[in-house]
Each structure stands twice: as C-alpha cells, then as structure tokens.
Protein chains: 2
Amino acid sequence: MTDNRIVDVARRASVSVATVSRVLNDSPLVSPKTKTKVMQAIEEMKYTPNASAKNLRSKKTMTLGVLVSDILISYYTEIIKGIENAANRLHYKLIICDAQNEKDKEIAYMSLLMDRTVDAMILVTPLMSDREIAAYADNGYQIGLIGRAVDHPDIPCVLTDNVKLAREVVNHLIGQGHGEIAFLSGYADAIDSYERLEGYMKALRDARLPFDPGLIENGNFNETGGYAAFKRLLEKGARFTAIFAANDEMAIGVYRACEELEIRIPGQLAVVGVDNERVSKYITPKMSTVEQPKYAMGALLAEKLIDRVNASDEPAERIFKLDSQLMIRASSQSNVE
Amino acid sequence: MTDNRIVDVARRASVSVATVSRVLNDSPLVSPKTKTKVMQAIEEMKYTPNASAKNLRSKKTMTLGVLVSDILISYYTEIIKGIENAANRLHYKLIICDAQNEKDKEIAYMSLLMDRTVDAMILVTPLMSDREIAAYADNGYQIGLIGRAVDHPDIPCVLTDNVKLAREVVNHLIGQGHGEIAFLSGYADAIDSYERLEGYMKALRDARLPFDPGLIENGNFNETGGYAAFKRLLEKGARFTAIFAANDEMAIGVYRACEELEIRIPGQLAVVGVDNERVSKYITPKMSTVEQPKYAMGALLAEKLIDRVNASDEPAERIFKLDSQLMIRASSQSNVE
DNA sequence: ATGAAAGCGCTAACAT
DNA sequence: ATGTTAGCGCTTTCAT
C-alpha cells in the first residue's frame, strides 16, 4: 500500500520536502540532477501524493463537477463526454453527479461546491430555479450552465437558440402541409419549454396560422409524460395532424401511444422531437428531431468555466449560443413511411 | 462565501472546536443544550466543513468511484444508478468515471484510489487484465468488480452466469427450429466472451448439433464491430439462420447490416442479443435479449464493498451470482414479424 | 538551487 | 460533558 509521505521520498533522495514538492509540481527551481534523483526515489517507492492534503493546502482541487438530471439520457451523457475531454485536456478531473430527476439530490450535490470537493460545478438544465442558481454564484461559488441561461455576471452559459430551433421545426411541418400542429412542452417553468413554445407560436404567426391553446400539453420532458400528454390531447378532442414534442423522450411516449392506438406515423400523424437522442435513430419510423451540438456545448463550457476559475483579468464573454440542426427523418415526411 | 472554519463556529457558540466537531459528527457525548447552541451558530454562519481537511485527518473520504467503459451505454448507467442509490443510503458519495473505451484512461482513473480521493473503486467489466486488477488489490486498494470475476480473496464480485445465459439463448433458438446458429463474441480476452461461447457450445452439444468454428466472429462488443463481424461471416460464405450476439450493441450492428442488405429479421435471420439495452426495446423488430439485473448488481456490489471497507471481521462471501432472464421478443420468433 | 518551518481545517487522544 | 492540543501530508514563504 502506498502509504508513503513526501518526507519519505525526501529522505530517500536525500533532499528536503520542499524540493520534492517542487519536483512534483514541475517547478523550474530544481536542478536537473536533483530532479532525476527525486523522480527515481518516487518511482522506487511508488509514491503517490495524497490528494486531500494537497487540496487542503493549495485550496483547490483541480476538479469540476457536472450535475445532470439523468445519466440514462444520452443528451446528458454526450454533454458529459464533451466536458470530460475538455477538462482532462486542461488537467482537471471530473465528478459526474446524477440527480435522478430529484431536486433534493440536486441540492445535496451542490454541497460538493460548498465543502470544496470541486472548484466549480456545471449544471445541465437543472430543476433549480434561476434564483437558487444565482444565489450560489452570489456566495462566490463558481457555476457554469448548459442548455439554459441565467442572468448573473459570474455564470457562463452555453445554449442553443430555442426560439429559432422551434421555429424551424414548425416551419418544416407547415411545409409538409400541416396546419394543425400540437405542441408538447416540458416542465412549465423550464426556460426551454417557454422558448420553444415561443418559437412555435412565431412560426404559426409567420404562416398566418391560428394559434390554438388547446393544442398545447405539458409532458415534463420524459417518456411517460409525453405518453400521457398525448392521450390528454386526444381525450379532450383536440384535432391535429402533426405534433412537435419539446424533446425526444416525450416524442417516444407519443410513439408508444400511437402504437397502442394504431395511429400510423407519419401517415396519420407527423412527429418531431428535439435532442437527437440515440433511440430516435433506431425507432421505427426514424424520428425527425433537432440535433444539438451536445459534445461541443460541454467542451466549450468546460473551457470557459476553467478560464474563469483561473481568471484574474476581465470577465470576458458570458453567453455562448451554438447552432442546432434540424434532422428530417421519416416521422415527419408524408411521402415516406 | 463560506470560508468559515470550525474555530469560528466554536468562538461564536462559546465552546471548543472539539465540541463543534462532535456535533458535526453526531457524537452522543454532547449535551442537547450545547448541541442546539452549536447548530444555531453553524446555521447562522452557513458553515460547511472543509472536505479535504476532514478527509486528510480521518483518512477516509466516504466516497466510492465507479469506472465504466462508456456512459453512453445504458448497461453501465443502470448499474451506476444501483450503485449510487445503495452508496447514498450508506452515506457514501460516488464519483463516476468514464474511461471512454481507452485503457489509458482506465489506468489514469485508478489514481483516484492511489491518491486517496476514493475509499474504493468499482470496476464494471474493465479492459484491464485480471493480473492488473489483482495487483491493485495486492497493494491494499479496495476494489469491487461487476460483470466479471477475478481470483483474489479481497475483491468482491457480482456477476450473472454467462454460461447458463448463453445456453438458454441458444436453446431458445434451437427450439425455434434453428440448426445453424452464428455467434458474435466480444473482445477475445474478455471473460464474458469466453463464457458465453462456452454456453453456446454446450447448448449445441446438448442438442447433438455440430459445432462449426466458421460460425464464430469477434465484434468487440460494439455496434460497428457487430456490423463488420456480420459482414465477414457473409463474405466467407458462412450459412446460418440465426445469430447470437454476445451483447445488444453488436446485435444492433447486425440489424444495420441487415437493413442495408435487405435481410429480413426474423424471417430470414433470427437475432438475439444480451443486456436488454434501452434501444433493443425500441428498434424494429423488437430485439430478443437477455435482461441482466443491472440495478440490483450495482446495488449489491456497492453494499458488499462498503461492508468490506468498514470490516474488521471475517472476509465473508465474495462471489455473488445473480440470475439473468431471457426476454423473447420479435427478432427471434419465426411466427411473428 | 535548496532547506526549515509555519499552517491549511479538521479529528481524536488525552485531560479535566 | 467539555476543552487542549498534536498531527494528518502537503505547499509555500522566508532564509540561506
């Protein structure tokens, strides 16, 4: 067991602990000869520095946290991969936190920031409110946000343009000849929901199509919610030939309901989701969706956040909007089945 | 910013740091009155203990690591959820590590164990060899293994019976009238591959069917590998009416190849995978597969490992075999399309 | 270029 | 039941 301490290395290499520490931290103030001697001792003893001691003394951990609401969903895991690779490149480690859609777990994980286990925390569309998020930043904790923006000077945010994205989806459906398009939103208080709804309405207005609030239902961003929301639409007698779900998970729920009710997609109902989740490509018919540059979003935010953690200079840019891309597949094309 | 220390709390509550520490750690040696006083001070100052200092002093971190090869694959993420919940229940935190199928990253993450960032590390079917894994345990590091067994007295392992599982799959295919069944194995050196191959052969022998090594190909446990392996089988003119892929990922690759080549599943080819990945239920035709109790495996191992970390007594049981379950869906039933 | 020593914030042994 | 204090293993000033 590596229970060696820095003094043991120092002793073996016949130098002081300060010198060993310098070697360990790549200080230029060590002669090459001494450095070799120390490295050899480290090697021989299989010495590994104790992270807790190092963190305690240096007051930083070179570790980032990412908090996502469900690691089963590929939207999150792809973002995580982007973060991870960018972080590793900059010599940061990453702690992945799965809040499992529970706000309590989210809050619990935020303690990693408060107890200084991580230097900064990245939140990917959390359940927490803007106020709550801003409060952490007010207390001096470093936070980064993905898929959402919060109005606080110290919080870098990376997101896609939800309004534009929704507009493109709806334009596409209108282009396919649909005039009655239902919309499945996510959590009522999520910005994503709100902005996608806004884009939906704008597209309708652009096309001089009537806006019918009866065609809107909330599916909470998950499969079960999408399934239920779709059924509610049918039960209340809403009439529509296309449906735009604010994410793929809800669209999958719509698929399931359609299978049960023997509604053909896209023959009787065109479906479009958002996120380009893995399943959407394999499901039949292949689902039209919107690809978000998930990996790039993760990588970009990690870089910007690490910049800020080590920043002494001016604040720099804070909001980064990346482009998304409509992926038209079978589920929304009337001439394809 | 919470830059308060335990002495600040002590001062405010007019007690000693020891007393504050006792309150913080739920020691029974504090009078209720003092406890209240201290808690109030903590509350007022919004004090949070510094994790590094605590870990350094107490020589434990109450943190587990899980190392998986790809968090995009639901097999891993479901295991992670099981671990996470069991760990949290026992007041342990979890660091998720995604090695991204790179052995170098695996090794890099093992340093979390060596630098004492985690008290123990759970490996889920890693690329590392048995020897390498055993070496860590020999050096006194706590390790747990999922989906694989290693012959070392200090390594608890949770796995399913691969031989039995493969046997059931092949029996099922034979029962459907198939006599020529191809087998797609994973990494040549993975125990899973070996054991599933063994079960495959046993089932053939039981049924007095000939074993043809020309029907075996390696697909490295991923989609691309499965796709390529299947094509190799065809190119070399192998004849078979059913294929058993050692995991769903490879089976998905087979699906893709079949789509391109217009081979009907299950009409012309029956397909069975292993793992019951999320996609297998959504793909058309629905894929027959083997459900492994992933969540339960994660939870069980986490419990057993934490037991060991805190153990002073006898070693207890070490290998835990859980039952898997064959899920017969459309892809392997000749009378269903 | 190298060393001596203080101290990061906490726990736990010991004293009372 | 509470307080005093040593020390976990490291980094970093200050001295040489």
Side-chain angles (χ1 to χ4, degrees), chain A residues 1-39 41-42 45-63 91 111-117 119, chain B residues 1-39 41-42 45-63 91 111-119 310:
Chain A
M1 166 107 72
T2 306
D3 258 351
N4 295 314
R5 297 147 305 156
I6 205 168
V7 285
D8 301 321
V9 178
R11 209 131 40 202
R12 180 165 197 133
S14 316
V15 295
S16 72
V17 294
T19 301
V20 177
S21 176
R22 289 190 187 101
V23 171
L24 250 19
N25 294 288
D26 277 322
S27 160
L29 307 93
V30 189
S31 77
K33 203 189 304 178
T34 317
K35 184 165 176 175
T36 314
K37 200 168 52 177
V38 172
M39 303 255 275
I42 289 174
M45 309 175 68
K46 296 197 178 309
Y47 165 78
T48 313
N50 180 302
S52 303
K54 183 171 175 143
N55 297 344
L56 173 58
R57 181 57 227 235
S58 61
K59 290 176 179 290
K60 53 183 186 172
T61 61
M62 297 299 283
T63 305
H91 307 292
S111 66
L112 293 182
L113 208 42
M114 284 149 25
D115 74 13
R116 321 250 68 123
T117 294
D119 294 338
Chain B
M1 166 107 71
T2 306
D3 258 349
N4 295 314
R5 296 148 306 156
I6 206 169
V7 286
D8 302 321
V9 178
R11 208 127 46 201
R12 180 165 197 134
S14 317
V15 296
S16 71
V17 292
T19 301
V20 177
S21 176
R22 289 192 188 100
V23 171
L24 251 18
N25 294 287
D26 276 324
S27 160
L29 307 92
V30 190
S31 77
K33 204 189 302 179
T34 318
K35 185 166 176 172
T36 313
K37 200 168 56 178
V38 172
M39 302 256 275
I42 289 174
M45 310 172 70
K46 294 197 181 306
Y47 165 78
T48 313
N50 180 302
S52 302
K54 183 172 173 139
N55 297 344
L56 173 59
R57 179 58 227 232
S58 61
K59 290 179 180 291
K60 53 184 188 171
T61 61
M62 298 299 283
T63 305
H91 307 292
S111 65
L112 293 182
L113 209 41
M114 283 152 15
D115 74 12
R116 321 250 69 124
T117 294
V118 299
D119 294 337
N310 305 315

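Chain A is the first sequence line, chain B the second, and so forth, proteins listed ahead of strands; every chain is numbered from 1.
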Taking [atom1] from [X] and [atom2] from [N], how many angstroms apart are they, rounded to a whole number?
X      : N     : atom1 : atom2 : result
B:N4   : C:dG9 : CG    : C1'   : 12 Å
A:R116 : C:dC8 : CZ    : P     : 16 Å
A:K33  : C:dA1 : NZ    : P     : 13 Å
A:M114 : C:dG9 : CE    : P     : 17 Å
A:R11  : C:dG3 : CZ    : P     : 14 Å
B:L29  : D:dG3 : CG    : C1'   : 13 Å
A:N50  : D:dG7 : CG    : P     : 18 Å
B:L56  : D:dG7 : CG    : P     : 14 Å

Just so I know, are the side chains of [X] and [Y] near enough to count as touching, which here means a heavy-atom distance under 4.5 Å?
X     : Y     : result
B:L24 : B:I42 : yes
A:V17 : A:S21 : no
A:L29 : A:S27 : yes

Next item on the list: Indicate yes or no for a side-chain donor-acceptor contact from A:S58 to the backbone of A:K54 under 3.5 Å, with no hydrogens or angles considered.
Entry: yes
Check: Any donor and acceptor pair, going by atom type alone, linking the side chain of B:S16 with main-chain N or O of B:T19 inside 3.5 Å?
Finding: yes
Margin query: Looking at B:M39, I want to see if its CE is surrounded by more than 12 non-hydrogen atoms of other residues, nucleotides or ligands under 6.0 Å.
Written below: no
Margin query: What's A:T34 touching, base or sugar-phosphate or nothing? Going by heavy atoms closer than 4.0 Å.
Written below: sugar-phosphate
Note to self: Please determine whether a side-chain nitrogen or oxygen atom of B:K59 lies at a distance below 4.0 Å from atom OP1 or OP2 of D:dG9.
What the structure shows: yes
Margin query: So, does B:T19 get its side chain near the phosphate of D:dG3, meaning an N or O under 4.0 Å from OP1 or OP2?
Written below: yes
Next item on the list: Using only heavy-atom distances, determine whether the side chains of B:T117 and B:D115 contain a donor-acceptor pair under 3.5 Å.
Entry: yes
Notebook entry, point to check: For every nucleotide of nucleotides 11-16 of chain C, 5' to 3': is a protein heavy atom under 4.0 Å from its base (B), only from its sugar-phosphate (S), or from neither (-)?
Noted result: BBB---
Notebook entry, point to check: Starting at the 5' end of DNA chain C and moving along, which residue's nearest nucleotide shows up first, B:V7 or A:V30?
Noted result: A:V30
